[in-house]
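One structure is given here, and the rest of the page talks about it.
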Amino acid sequence: MGEMIQIFDANMHPIGVVERDVAHTHGFFHQCTHFWLIHEVDGVAHLLFSRRSADKPTYPNLLCPTASGHIPDGESWKTCLELKEEIGISMPAESLVPLGVHVHIENRNGLINNEFVYSFMGMLPCPLESIQFPDKEVEAIVLISIADCLELFGRRTEQVQTLQYHPSRPGLASVKASLNDFVPDARTPDAHYYKMALYAQLYTRGNDVAIPFPLEKSIFK
């Protein structure tokens with residue numbers, strides 16, 4: 001049996017529990033988390049993106065938020081362990097800034113992905129060299145300056161210079177990236193990735209960017 005997740009109607013009311021593949025086949029709304037972490041390199045704030053493993057069934061080798069994943073049945077955004085599972089670090093939810101719930105709707109190549117995305121932002125709490133890939137779902141970490149993120153996701157430039165980190169290779173490699181190097185969510189009309197870059201800029205300048213999450217609803221209450 002595959003991973004079990006709660007499913008919801010379009011108003012975020014829980015309606016049952018199914019396998020994850022069933023949710024994607026039938027287009028049931030479900031919950032996931034996105035973590036947007038920031039790290040300074042030579043005094044310049046960069047957003048961290050994960051390069052998905054070549055073995056991922058969806059969007060292999062493409063870039064996505066620092067860590068992301070579905071919230072299994074029985075867990076919540078408060079206990080979701082994607083950071084630990086994907087890049088080997090632990091951060092309690094209280095140390096991260098909530099950025100509200102983003103509604104992601106996608107129907108591509110037989111995958112119907114309707115998600116309520118709980119987004120978080122914060123500073124990487126450890127040296128970059130502490131990052132590991134325990135579950136092998138991430139191939140590398142790619143760092144892009146917030147200024148370049150705004151240019152790229154704002155479609156003011158077609159390509160930016162990035163820094164790529166892998167725990168088995170010393171130092172940072174210089175790699176170019178375009179929008180085509182990202183998962184399709186980075187190119188949606190609602191400009192979600194551009195908004196995240198704006199929040200990152202405001203956050204690093206000391207502004208309060210917190211957007212509280214809605215009250216949790218559970219089919220077990």
Side-chain angles (χ1 to χ4, degrees), residues 1-8 12 14 16-38 47-106 108-109 111-122 124-126 130-142 165 167 181-186 188 192-193 196 199 213-214 216 218:
M1 181 178 291
E3 181 182 40
M4 304 299 291
I5 58 175
Q6 278 199 64
I7 56 173
F8 301 78
M12 293 189 75
V17 177
V18 301
E19 289 189 42
R20 185 172 67 176
D21 288 348
V22 173
H24 288 158
T25 300
H26 295 278
F28 294 125
F29 277 96
H30 52 282
Q31 297 177 320
C32 68
T33 51
H34 282 181
F35 296 89
W36 303 83
L37 297 189
I38 300 165
L47 270 170
L48 275 60
F49 298 90
S50 285
R51 186 177 299 282
R52 296 164 67 86
S53 165
D55 297 326
K56 293 282 286 184
T58 55
Y59 311 127
N61 295 316
L62 295 185
L63 300 174
C64 62
T66 316
S68 58
H70 294 80
I71 300 178
D73 180 44
E75 292 188 17
S76 76
W77 56 266
K78 296 178 182 179
T79 57
C80 188
L81 300 175
E82 293 301 327
L83 276 171
K84 185 68 174 178
E85 293 171 356
E86 293 193 359
I87 63 172
I89 67 171
S90 297
M91 291 182 70
E94 294 75 17
S95 68
L96 294 156
V97 175
L99 293 180
V101 177
H102 166 62
V103 179
H104 173 60
I105 297 176
E106 179 182 10
R108 188 186 305 269
N109 300 325
L111 173 70
I112 309 174
N113 201 18
N114 295 331
E115 298 177 326
F116 296 120
V117 183
Y118 288 74
S119 296
F120 302 84
M121 182 165 286
L124 182 70
C126 56
S130 298
I131 291 178
Q132 302 291 324
F133 306 140
D135 67 0
K136 311 299 182 185
E137 291 192 11
V138 176
E139 172 62 29
I141 292 294
V142 172
Y165 164 78
D181 293 304
F182 287 81
V183 295
D185 196 21
T188 51
H192 179 59
Y193 276 47
M196 295 297 105
Y199 284 132
F213 295 139
E216 289 189 305
S218 172

Can you confirm whether [X] sits close enough to [Y] that some side-chain heavy atom of one is under 4.5 Å from a side-chain heavy atom of the other?
X    : Y    : answer
N113 : T58  : no
I112 : H24  : no
E115 : Q31  : no
V103 : F29  : yes
H102 : D185 : yes

Checking I141 against S50 for the side chain to side chain contact (heavy atoms under 4.5 Å, CB included) test, could you report, in this order, the C-alpha distance in whole Å, the side-chain angles of both residues, the deciding distance, and whether it holds? CA-CA 5 Å; I141 292 294; S50 285; 3.6 Å; yes
Calculate, to the nearest 0.5 Å, the distance between atoms [atom1] and [atom2] belonging to [X] and [Y] respectively.
X    : Y    : atom1 : atom2 : answer
I131 : L83  : CD1   : CG    : 9.5 Å
E86  : Q132 : CD    : CD    : 14.5 Å
D181 : R51  : CG    : CZ    : 6.0 Å
F120 : L96  : CZ    : CG    : 6.5 Å
L63  : F182 : CG    : CZ    : 4.5 Å
I7   : D73  : CD1   : CG    : 10.5 Å

Is a donor from one side chain sitting under 3.5 angstrom from an acceptor on the other, for H104 and H34?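 The criterion, which ignores hydrogens and geometry beyond distance, is not satisfied for H34 and H104.
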Under the side chain to side chain contact (heavy atoms under 4.5 Å, CB included) criterion, do R52 and C64 qualify, and how do the steps go? CA-CA 7 Å; R52 296 164 67 86; C64 62; 3.7 Å; yes
Provide the closest heavy-atom pair for [X] versus [Y] in the form atom of the first, atom of the second, distance.
X    : Y    : result
F133 : E139 : CE1-O, 3.6 Å
F213 : V101 : CD2-CG2, 4.0 Å
A23  : H30  : CB-ND1, 4.1 Å
V138 : A140 : CG1-O, 3.4 Å
R20  : I5   : CA-CD1, 3.9 Å
P72  : E3   : CG-OE2, 3.3 Å

Intermediate values then yes/no, side chain to side chain contact (heavy atoms under 4.5 Å, CB included), M121 and I38: CA-CA 8 Å; M121 182 165 286; I38 300 165; 4.0 Å; yes
In terms of relative ring orientation, are F49 and Y193 parallel, tilted or perpendicular, with 30° and 60° separating the classes? parallel
For F35, does its backbone N or O pair with a side-chain atom of T66 as donor and acceptor, under 3.5 Å?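 Side chain of T66 to backbone of F35, a donor-acceptor pair under 3.5 Å: yes, one is there.
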Would you check, one step at a time, whether the test side chain to side chain contact (heavy atoms under 4.5 Å, CB included) holds for L37 with I89? CA-CA 11 Å; L37 297 189; I89 67 171; 3.9 Å; yes
Taking side-chain contact (heavy atoms from CB on, under 4.5 Å) as the test, write out the residues that go with T25, two or more places apart.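 Applying side-chain contact (heavy atoms from CB on, under 4.5 Å) to T25 gives none.
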